[in-house]
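Here the structure is laid out as structure tokens; the discussion comes afterwards.
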Protein chains: 2
Amino acid sequence: MAELETDPIVRLTGALDPRGGWSASRCTIAKAIDVVGNRSAFLILREAFYGTTRFDDFAARVGVTESVAAARLKALVDEGLLVKRPYREVGERTRYDYHLTEMGADFFPVLTALMQWGERWREPAGVQLRHRDCGAPVHAELRCDQGHPVTVREIDLVPKSAAGTAQAAAADSED
Amino acid sequence: MAELETDPIVRLTGALDPRGGWSASRCTIAKAIDVVGNRSAFLILREAFYGTTRFDDFAARVGVTESVAAARLKALVDEGLLVKRPYREVGERTRYDYHLTEMGADFFPVLTALMQWGERWREPAGVQLRHRDCGAPVHAELRCDQGHPVTVREIDLVPKSAAGTAQAAAADSED
DNA sequence: CAGCTGACTATTGTTAACCATAGTCAGACC
DNA sequence: GGTCTGACTATGGTTAACAATAGTCAGCTG
């Protein structure tokens, strides 16, 4: 019953153990999903990372109606992931295109991780992400701030209020 | 107009450039979203990584009705991310709990990346992921198979059919 | 067999996401 | 002002996701 030693789960620590004493009612993941937790948002962001900027291209390449593209683009602009900028080609009227903001750019690891998961477990993609300088495939992975690669089984879930304590304890052991 | 030099986007290469010559109609991301692209799936998986295994705990901790929990748990079992196992406590009848499979475990980087994005841009979480051995915070990042940290601007999107060619070219330049 | 109780199933209703389609608007040019 | 056309807005309809609630079922024990 409950979690097995071999289960790929994080370890709860401090006030978070036992799990029964709390619940993550409005956690960060839930808040992120409120903004981007729908199909068209994910796919529009994917297209933005591929360099798509124009309204009709977004609608066509994502495969949604113009009304859906309009609503979603507006929402992503309102939320700050995209910014709408005017441009003007000679002989044409002012139009607007959509560019990723820093907030939008920070979403790329999510898309990469999702693509990676889908690559392995759903269906291999027809494309691949590669590091331009060395040509090696790119993937999302977990690392700690010391640079160690980390698996989920090596991870502790720590309450923020106790974070300082754990840091101090680690510093002491280094002394 | 179109993409700026400074835009945080990948570079399209080979048959993928120009972008107008193709579209990612049923890409890997879209296929992944078909399975997990709803709020309750994300949150149930989050709970599974926190060690939740029992039906009533999933429903309560995620904050959905039992019927939603049942439907989503079933779907995640059918898709292979969770497995349903019987257990029996003394004096009680056989019950079942839900455990992550390897396929489910591979979803953790997606959740971590999403949490990271939400942490920075939505609202800081009350908890933190830390590397057990050294105590440092854990994050999702992009790396190439050679171990280089990579930003989105340093990434090429390569067609799979051309991937071997790029590899061979890289090998030649090493000779 | 009856009782218990956790894990669903069933039903009705709401809302968000999305489709198809028609219509309007804005910003240029002539 | 008229025309053009890309970017929406509006409308009616469908579907998936979800809530609230009642009911059924399964696997034990006594």
Side-chain angles (χ1 to χ4, degrees), chain A residues 1-2 20 25-26 29-45 47-48 52-79 82-99, chain B residues 1-2 20 25-26 29-45 47-48 52-79 82-99:
Chain A
M1 65 138 202
S25 51
R26 291 304 295 167
I29 290 179
K31 289 221 163 70
I33 290 168
D34 285 345
V35 180
V36 294
N38 57 69
R39 185 169 174 282
S40 52
F42 273 98
L43 299 185
I44 281 183
L45 286 169
E47 279 305 321
T52 299
T53 59
R54 289 178 28 168
F55 178 85
D56 52 358
D57 283 346
F58 276 114
R61 298 180 63 87
V62 168
V64 292
T65 64
E66 294 185 348
S67 53
V68 167
R72 200 60 57 209
L73 283 164
K74 182 177 190 309
L76 289 171
V77 168
D78 289 349
E79 290 292 345
L82 294 178
V83 63
K84 191 176 176 182
R85 290 212 202 102
Y87 72 97
R88 174 109 185 258
E89 296 183 355
V90 180
E92 296 194 13
R93 59 29 170 319
T94 300
R95 292 163 64 185
Y96 294 81
D97 54 13
Y98 298 83
H99 296 260
Chain B
M1 63 138 203
S25 50
R26 291 303 296 166
I29 290 179
K31 289 224 165 67
I33 289 169
D34 286 344
V35 180
V36 295
N38 56 69
R39 187 170 173 279
S40 53
F42 274 97
L43 299 185
I44 281 182
L45 287 170
E47 280 305 321
T52 299
T53 58
R54 289 178 29 167
F55 178 84
D56 53 357
D57 283 347
F58 276 113
R61 298 182 62 86
V62 169
V64 291
T65 63
E66 293 186 350
S67 53
V68 167
R72 200 58 58 209
L73 283 165
K74 182 177 192 306
L76 290 171
V77 168
D78 288 349
E79 291 291 347
L82 294 177
V83 64
K84 191 177 176 181
R85 290 211 199 101
Y87 71 97
R88 174 114 186 256
E89 295 181 356
V90 179
E92 296 194 13
R93 56 41 165 309
T94 301
R95 292 164 64 184
Y96 295 82
D97 54 14
Y98 297 85
H99 296 260

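Numbers restart at 1 for each chain; the letters A, B, ... are given by sequence-line order, proteins then strands. Predicted model only: the values in this text are computed from it and were never measured.
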Taking CZ from A/F42 and C1' from C/dC18, how many angstroms apart are they, rounded to a whole number?
17 Å
Measure the distance from CG on B/L76 to P on C/dC8 and round it to the nearest whole Å.
13 Å
Side chain of A/T65 only, please: which of C/dC8, C/dC19, C/dC18 is the nearest?
C/dC19
May I ask you to say what B/G63 touches in the nucleic acid, namely base, sugar-phosphate or nothing, with a heavy-atom cut-off under 4.0 Å?
sugar-phosphate
Heavy-atom nearest nucleotide on DNA chain C for A/V68 versus A/V90: which residue maps closer to 5'?
A/V68
Length of the CG-C1' vector between B/D97 and C/dC8, whole Å
16 Å
Indicate the atoms forming the closest heavy-atom contact of B/S40 with B/R72, along with that distance.
OG-NE, 2.9 Å
Is the phosphate of C/dC18, meaning OP1 or OP2, less than 4.0 Å from a side-chain N or O of A/S40?
yes
Nearest whole Å is fine: how far is C/dC25 C1' from A/R93 CZ?
9 Å
Do any side-chain nitrogens or oxygens of B/R72 fall under 4.0 Å of OP1 or OP2 in D/dC18?
yes
Taking only side-chain nitrogens and oxygens of A/R95, does any of them come within less than 4.0 Å of OP1 or OP2 of C/dA28?
no
Distance check needed: C/dT5 C1' versus B/E66 CD, whole Å only.
11 Å
Let me know, please, whether A/D56 or B/E92 comes out on the 5' side of the other along DNA chain D by nearest nucleotide.
A/D56
Between C/dA7 (C1') and B/K74 (NZ): distance, integer Å:
14 Å
Below the 4.0 Å mark, does D/dC8 have OP1 or OP2 next to a side-chain nitrogen or oxygen of A/Y98?
yes
Rounded interatomic separation in angstrom, taking CG from B/D34 and P from D/dT15:
17 Å
Indicate, with a heavy-atom threshold strictly under 4.0 Å, whether A/F58 touches base, sugar-phosphate, or nothing.
nothing
Taking all non-hydrogen atoms of both residues, which atom of A/F55 and which atom of A/E66 are closest, and how far apart?
CZ-O, 3.5 Å
Specify the separation, in whole Å, of atom CG of A/N38 and atom C1' of C/dC19.
15 Å
Distance test, side-chain N/O of A/R88 to OP1/OP2 of C/dC29, below 4.0 Å:
yes
Within a strict 4.5 Å, meaning less than it, do heavy atoms of the B/R88 and B/R95 side chains meet?
no
In this structure, OH of B/Y98 is separated from CZ of B/F58 (nearest 0.5 Å) by 8.5 Å
Tell me the closest heavy-atom pair linking A/L73 and A/L82, and the distance in Å.
CD2-CD1, 3.6 Å
I want to verify a distance call: between D/dA7, C/dC18, C/dT21, whose nearest atom is closest to the A/R39 side chain?
C/dC18
